Amino acid sequence: MAANVSELNMARLRSSVFSVLQSDLLRQSLCVLVAFCVLTQQALAEQQEFLEDFLKREYSLVKPYRGLGFSSSSQWDLMGTAMVTPDHVRLTPDQQSRQGAVWSRIPFVLRDWELRVHFKIHGIGKKNLNGDGLAIWLTRDRMQNGPVFGNMNQFVGLGLFVDTYPNADKTHDRTFPYVSVMLGNGTLTYDHDRDGRTTELGGCTAMTRNSIYDTFLLVRYSKNKLTLMVDVDGKQEWRDCAEVSGLRLPTGYYLGASSVTGDLSDNHDVISMKVYQLTVERTPEEEEEEVVTVPRVDDMYQFQVDVEEEGMSGLQLFFTLLFSVLGLAVLAVVGLVLYGRWKENKRKRFY
């Protein structure tokens, strides 16, 4: 009888333990299932942020590069040393003092869009003995020569810079080549001596020069947010480079690409520029947002970069002190002479 009671108690104990373990396992399974559902919904939400995208051929520059040239029916204009080959549009050859560009003739009127740029920068110069890089533009003015990678300074619109030469390498705060984004309003000046640090909205290092892989940029603009990504290391996946919220761009600007070489040079080739129109769901408030006439960022001060002024060298300090001492000595002599004459004139008045 005692044996039966003992076995019954053990059976109840095993049953209770199994029930506890089963309930714990059930709770853990439910937690995993809930977490999976949440992550899946987030992923689907991110994928459905853009319902569809459409290649807009009228804004795109792709092989075999039809519609590019000097005829009245062309959709793109060449400028400077830019030339068309079967494989690419070469903005500048690997020669000194060259400048070239390609510009769309059609005003850009898309509200939500994505731009994918396939390009190549290569040359025989060694690292940091090459230059200067290329720029992708969406600006109010087109076909303008200038010092900013072959385009005008104080531009109005968007500039994306692939800078391959460090002008301000004394700071050692970044590795080149460096990709950056700038928004111009007609008054901001791109400072080449500081590699555009004072007007940069964001950027990243991207090994785009003499790469054994294809090099790409992706720019997405939707709901006043600009995202810049790169694919330069052969992984066929986009890497985040910069993100700017509250960026407001007018429509009706022109798409282009430009490059310039100086004492240092490289081949700067654009293989394709593909523009996609994004279909985006908007709330009634977003549909009625204000019309922008001048590009701006809502909180521009958050992007300002403090750049320290360069101190004087020892030689400059020596000459500054020397001329200061000489100047004080000259002033002292002149003062003594004037004081002596004043005393002499005062003494004569008593005779």
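Quick caveat: nothing in here was measured; it's all calculated off a predicted structure.
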Short question: side chain of [X], backbone of [Y] - any donor-acceptor pair under 3.5 Å?
X      : Y      : value
His268 : Val260 : no
Gln236 : Gly234 : yes
Thr92  : Arg98  : no
Thr175 : Thr205 : no
Ser74  : Trp76  : no
Asn153 : Tyr190 : yes
Thr164 : Asp132 : yes

SB check Asp77 Arg142 (cutoff 4.0 Å): yes
Salt bridge or not between Arg194 and Glu200? Use side-chain N to carboxylate O under 4.0 Å. no
So do the side chains of [X] and [Y] get within less than 4.5 Å of each other, counting heavy atoms only?
X      : Y      : result
Ile136 : Phe149 : no
Leu249 : Leu158 : yes
Asp240 : Leu228 : no
Thr189 : Thr199 : no
Phe161 : Val181 : no
Leu91  : Val270 : yes
Val294 : Pro250 : no

[Y] reachable from [X] in the ILVMFWY side-chain graph, under 4.5 Å edges:
X      : Y      : result
Val102 : Tyr253 : yes
Ile106 : Met273 : yes
Trp238 : Tyr221 : no

Should His192 and Tyr165 be marked as a ring-ring contact (aromatic ring centres under 6.0 Å, His included) after you check the CA-CA gap, both sets of side-chain angles, and the distance that decides it? CA-CA 10 Å; His192 259 295; Tyr165 180 75; 9.9 Å; no
Going through the checks in order, is the side chain to side chain donor-acceptor pair (under 3.5 Å) test met by Asp193 and Asn167? CA-CA 5 Å; Asp193 292 336; Asn167 293 287; over 6 Å; no
So which atom in Leu278 and which in Asp53 form the shortest heavy-atom distance, rounded to 0.1 Å? CD2-CB, 3.7 Å
[X]-[Y] side chain donor-acceptor pair, cut-off 3.5 Å:
X      : Y      : answer
Thr187 : Asn185 : yes
Gln96  : Thr261 : no
Asp94  : Ser265 : yes
His122 : Asp269 : yes

Chi angles and distances behind the ring-ring contact (aromatic ring centres under 6.0 Å, His included) call for Phe119, Phe216: CA-CA 6 Å; Phe119 66 98; Phe216 299 89; 8.1 Å; no
Trace of the side-chain contact (heavy atoms from CB on, under 4.5 Å) decision for Val89 with Tyr65: CA-CA 8 Å; Val89 177; Tyr65 307 118; 4.1 Å; yes
The single option from Asp231, Leu218, Val232 that satisfies side-chain contact (heavy atoms from CB on, under 4.5 Å) with Arg239 is Val232
side-chain contact (heavy atoms from CB on, under 4.5 Å), paired with Asp112, selected from Gln277, Arg220, Arg282: Arg282
Tell me whether the guanidinium CZ or amine NZ of Arg105 lies under 6.0 angstrom from the six-membered ring centre of Tyr254 and within 45° of its axis. no
Should Lys56 and Glu58 be marked as a salt bridge (Lys or Arg N to Asp or Glu O under 4.0 Å) after you check the CA-CA gap, both sets of side-chain angles, and the distance that decides it? CA-CA 6 Å; Lys56 303 294 287 184; Glu58 63 269 32; 3.5 Å; yes
Contacts of type ring-ring contact (aromatic ring centres under 6.0 Å, His included), residue Phe108, not counting sequence neighbours: Tyr59, Trp113
Yes or no on salt bridge (Lys or Arg N to Asp or Glu O under 4.0 Å) for Asp298 and Arg248, after CA distance, side-chain angles and deciding distance? CA-CA 8 Å; Asp298 290 343; Arg248 301 179 186 273; 2.8 Å; yes
Go through the steps to decide whether Val62 and Lys274 satisfy the test side-chain contact (heavy atoms from CB on, under 4.5 Å), and finish with yes or no. CA-CA 7 Å; Val62 294; Lys274 296 180 180 179; 3.7 Å; yes
Determine, using ring centers only, whether Phe54 and Tyr276 are less than 6.0 Å apart. no
